[in-house]
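Note that the structure is a prediction, hence the values are computed from the model and not measured.
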Amino acid sequence: METLIPKISTKKTNFFRSRKTRKFPLLPFKAKWQQNFDQQQAMETLITESTTTTQNPNLLSLLIDSFTKYKCDPTPSAYSFVIKTLTRNSQFDQIPLVLNRLEKVEKFDTPERFFINLIKLYGDGLNQIENAVDLFYRIPNFRCVPTVYSLNALLSVLCKSKQGLLMVNQVLLKSTEVMSIRLEESSFFIMITALCRIKKFGYAIELLHMMLAEYGYEPDYEMYSRIFMEVCERGDYDEVMGFLEEFRKVGFVLSGENYSDLIRVLVKNGKGKEGLDMLYRMKSDGMKPDVVCYTRVLEGVISSRDFEKAEELFDEMLVLGVEPNVYTFNVYINGLCKQNKIDEGFKMVEYMEKLDCKPDVVTYNTLIGAVCKVGEVKRGKEVLRMMGLKGIGGNVHTYRILIDGLIGKGELLEACGLFEEMSVKGFLPRSSSLDAVIARMCEQGLVGEALKVLNKIVERNVAPGEKTWEVLLCESKLDFNDATRNNFERLVGV
DNA sequence: CTAGGGTTAG
């Protein structure tokens, strides 16, 4: 009988012998196969046991028992299964025990994926950042060489909370110096995104520079764009323009979305002309601005009172086939009203209807505001009535615009009527409008009327402003009834 | 390939 240990190195011929003449089976192979088979059996036992036994079984014991029964070693996937099941059963307190055994007893190399999943679980699911960091440091004890993938998983977790961000520095230091993990572009992307989210653009930009200077990584468009979007989101003009310069200096072309964000910032900062320039630039970069871009720029030129440009833009849209929508029309009508071309504004409404672009409450509020401004409050009220017929209700602004118009004309009783109407519809009047009316009414000796209105409004839990109290307290001959007094006192908290 | 975003008034 030949020995069971083949002398592979010296007797190569053993391997090339035909099946029939081979004196012994390829034992190492067979053993491996046998072990796989046993492990598979053990795994199946583990799975069935864990689902059929009582609630919250001791999974670690089950794992050990199953594999002992088949006289084989547990596998990484058995451990993954246990962790997954513990997670599903919320038996988080058992995880450390499982980890301890994996670390101290098992001999196999644990796959990195195992730790990445656990880090995510600790960080995102359990909010146990400390545990995520500890596990990351412990990875080498599990016969696993941590790479940038684990580091990135940890960084993502850390970057999600303030507490975590404070630990980033220490983690970076240790992982590069002690664990010799080299940061990759993806690591920078994670950190830059996180810094943008907490509005630390200065640090984000610093990291961008560091990537290139210290690691030789060229930041890509995505990184610049990300920072740019966030900087635009905050809307600080100087900050945006500063970063825009850098964005362009490295040679990237802005996307349509970048332009749209940029134009928004310019317009919101009163730079209508610059917004218009950006629109030109966008076109010369080969992009077709969409209706939102046009509407933003239109708003910009109108608020800088460049009405000629507004006309041009509007025409250009039509020529280029960019269909104006209700936002565009509202902005445009607002421009007409600013020029006191109120009738043209009303004409636009008809035009909109013809184009099947339904005017909305904003459209009508703009026009009502315009007619009120020139003293035609009656016409404004008529518009409100007409809106109702078209099924468009006024909102709290509609009423405020009309009421302010009426107050301006001294038509106080009528203003009171609108107060009532709006509170019936569930809109709360601003206390300052209310104050103005009450004060003026008292001045004109309409104290009784004022109280009547006030009582109705106060019933709806609207507290009048200071001025009302001032005026009413000055009126010595005031004659509160009990209900009114109670309401007042409740609202003032006397 | 495309959704969303963008409007009045104080």
From [atom1] of [X] over to [atom2] of [N], roughly how many Å is that when rounded to an integer?
X	N	atom1	atom2	answer
A/Leu367	B/dA9	CG	C1'	13 Å
A/Lys338	B/dA9	NZ	C1'	10 Å
A/Lys373	B/dT8	NZ	C1'	12 Å
A/Ile403	B/dA9	CD1	C1'	13 Å
A/Ile407	B/dG10	CD1	P	13 Å

#### Entry: Results of salt bridge (Lys or Arg N to Asp or Glu O under 4.0 Å) for A/Lys268 - residues two or more places apart only
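Salt bridge (Lys or Arg N to Asp or Glu O under 4.0 Å) check on A/Lys268 returns A/Glu299.
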
#### Entry: Closest approach of A/Lys409 to A/Val377 (non-hydrogen atoms, all atoms of both residues)
CD-CG2, 3.6 Å

### Message
For a quick check, with a 4.0 angstrom heavy-atom cut-off, what is the B/S/- contact string for nucleotides 2-7 of chain B, read 5' to 3'?
### Response
--BBBB

### Query
Any ring pair (Phe, Tyr, Trp, His ring centres under 6.0 Å) pairs touching residues 261-315 of chain A, not counting sequence neighbours?
A/Phe314-A/Phe329, A/Phe314-A/Tyr332

### Query
Is the NZ atom of A/Lys283 crowded by more than 12 outside heavy atoms at less than 6.0 Å?
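More than 12 heavy atoms, drawn from other residues, nucleotides or ligands, come within 6.0 Å of this atom.
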
### Task
Please check if atom CZ in A/Phe81 has more than 12 non-hydrogen atoms from other residues, nucleotides or ligands closer than 6.0 Å.
yes

### Message
With a 6.0 Å cut-off on the ring centroids, do A/Tyr399 and A/Phe419 count as close?
### Response
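So the answer is no for these two rings.
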
